Amino acid sequence: MTDLIRSAGLSYYPEVARSVGLDPKQMMRKVRLPLACLDKPDTPIAVTGLRRLLELSAKMSGAEDFGLRLAERGGLTNFGAVGLIVREQATVGEAIEAFSRFIHVHHDGMRLDVARNKQTVTVALHLRGRQPSAPRQSIDMALGSVHRIIQSLFGSDWRPQEVHLHYPPPRDRRRYRDFFGCHVTFNAEDDAILLSVHDMERRIPSAHPLIASYLRKRIEAIGIRPASWEEKVDEVVRLLLASGDCTVERVAEHLACTRRTVHRHLAASGTSFSAILDAQRADLVVELIDDPGRPLADIAAQLGFSAQSAMARWFRGRFGCTITAWRKGVRPLAKPADVPSASAA
């Protein structure tokens, strides 16, 4: 199954890539990541595509710490709603627990396990993937981001007790010591940040309990990430239709696969790309045509129809009336036979 991550993780990629002599757009084309995701932080992209981008960038630039450089520039804002709920918790401990609980909303292949003993708290990182473990640049970016978030809750003077990384030491260990500000153990059993139990009790001055409660309810409402191929394709189609650029090739690009792979997995799920596209078009078109000032030709183009007349024929077959009649309040009692409902997938 393809894991997805919000493209906000790439917010600083162009800046970092240029700083080490790379052309960011050229690099993204090499790994077939959509360039448009740089301007839309909530765009879902395949984790495998992001991993290839990081590893290739490190290799071609010779910057062994490329993942750390990305983490260094990021912060809570990169995590969207998850970052907001972390910021509003009363204590650092509650913030880390919230981060662990909701991180899948940002990255559905990432997990944080928080374990305590009498003196130490271990925040262990797990990145799902086909390999026994994720590539090192992805680990550096993810664990580095966790470190930056915890540090932002304390202030720049905070340091963890230790950091563990499962892979062999790099050529320049000092870079890792400088970034984390503590001893870094390589060839460890896991990838983790260790901090004091007392650190967890530190209060966050900017926290607001009412806002935290509100955000928790909101994020719980959206917290169930798509699990099946059908659901993931449906999510990407909905987003791309809203931007006016939805084709099976574009969807495949976001999922880091080929159009044939998309069709095969959807067939195995008992549906098709055209069925999902049709259902999402039906949901979106009724919102768009409710605005009488929006030209129908523009709506047709956004929804991917070859012409306004093609959309008009589709609409009549889908809803049993013309667009003009719909705008006047006509709502057929029943849909035409053999036409799926607007919410069908």
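Everything quoted here is computed from the prediction, not taken from an experiment.
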Inset, instruction - Check whether any side-chain heavy atom of Q161 lies under 4.5 Å from a side-chain heavy atom of S196, and answer yes or no. - result: yes

Legend entry - salt bridge (Lys or Arg N to Asp or Glu O under 4.0 Å) contacts in which one or both residues fall within residues 65-76, not counting sequence neighbours: E15-R73, D65-R69, D65-R175, E72-R175

Legend entry - Counterpart residues, side chain to side chain contact (heavy atoms under 4.5 Å, CB included), relative to E189 (two or more places apart): none

Inset, instruction - Would you please say whether a donor-acceptor pair under 3.5 Å links the side chains of S269 and T271? - result: no

Inset, instruction - Answer yes or no: is there a donor N or O on one side and an acceptor on the other, between the side chain of H106 and the main chain of R6, under 3.5 Å? - result: no

Inset, instruction - Give me the ring orientation class for W326 and F315: parallel if the planes are under 30° apart, tilted from 30 to 60°, perpendicular past 60°. - result: perpendicular

Inset, instruction - Please tell me if the side chains of F273 and V237 come closer than 4.5 Å, counting only heavy atoms from C-beta onward. - result: yes

Legend entry - Check: K40 main-chain N/O paired with S7 side-chain donor or acceptor under 3.5 Å: yes

Inset, instruction - Mark yes or no for whether N78, through its side chain, and A8, through its backbone, hold a donor-acceptor pair below 3.5 Å. - result: yes

Legend entry - E249 side-chain N/O to R259 backbone N/O, donor-acceptor pair under 3.5 Å: no

Inset, instruction - Step by step, work out the side-chain contact (heavy atoms from CB on, under 4.5 Å) result for L56 and F66. - result: CA-CA 10 Å; L56 185 61; F66 194 89; over 6 Å; no

Legend entry - Atom pair CD1/CG of I150 and D199 - distance to nearest 0.5 Å: 9.0 Å

Inset, instruction - Could you point out which residue of R52, R51, E55 forms a side chain to side chain contact (heavy atoms under 4.5 Å, CB included) with Q137? - result: E55

Inset, instruction - If a pair satisfies salt bridge (Lys or Arg N to Asp or Glu O under 4.0 Å) and one of its residues is in residues 140-150, list it, with sequence neighbours excluded. - result: none

Inset, instruction - Indicate the atoms forming the closest heavy-atom contact of L194 with T122, along with that distance. - result: CG-OG1, 3.8 Å

Inset, instruction - Run the numbers on R327 and I289 for side-chain contact (heavy atoms from CB on, under 4.5 Å), then give the verdict. - result: CA-CA 7 Å; R327 279 179 162 176; I289 65 174; 4.0 Å; yes

Legend entry - Results of side chain to side chain contact (heavy atoms under 4.5 Å, CB included) for H183 - residues two or more places apart only: T185

Inset, instruction - Check whether more than 12 heavy atoms from other residues, nucleotides or ligands sit under 6.0 Å from atom CD of Q119, and answer yes or no. - result: no

Legend entry - Check: H166 main-chain N/O paired with D191 side-chain donor or acceptor under 3.5 Å: yes

Inset, instruction - For the residue pair M28 and C37, establish whether any side-chain heavy-atom pair is separated by less than 4.5 Å. - result: yes

Inset, instruction - Taking the side chain as every heavy atom from C-beta outward, state whether M311 and R281 have any pair of such atoms under 4.5 Å apart. - result: no

Inset, instruction - Hey, could you give me the CG/OG1 distance between L33 and T48, rounded to the nearest 0.5 Å? - result: 8.0 Å

Legend entry - Geometric class of the W314/F305 ring pair [parallel <30°, tilted 30-60°, perpendicular >60°]: tilted

Inset, instruction - Not counting sequence neighbours, list each pair that qualifies as a salt bridge (Lys or Arg N to Asp or Glu O under 4.0 Å) and has a residue in residues 19-34. - result: none

Legend entry - Sidechain-backbone polar pair: Q302 side chain, L241 backbone, donor-acceptor under 3.5 Å: yes

Legend entry - side chain to side chain contact (heavy atoms under 4.5 Å, CB included) partners of D291, counting only residues at least two apart: R294

Inset, instruction - Take the angle between the ring planes of F79 and F99 and call it parallel below 30°, perpendicular above 60°, tilted in between. - result: perpendicular

Legend entry - Test item: L10 and I45 side chains (from C-beta on) under 4.5 Å apart, heavy atoms: yes

Inset, instruction - Of all the heavy-atom pairs spanning M141 and A71, show the shortest one and how long it is. - result: O-CB, 3.6 Å

Legend entry - Residue pair V163, F179: steps toward the side-chain contact (heavy atoms from CB on, under 4.5 Å) verdict: CA-CA 11 Å; V163 166; F179 178 88; over 6 Å; no

Inset, instruction - On the 0 to 90° scale, with breaks at 30° and 60°, tag the H147-W158 ring pair as parallel, tilted or perpendicular. - result: tilted

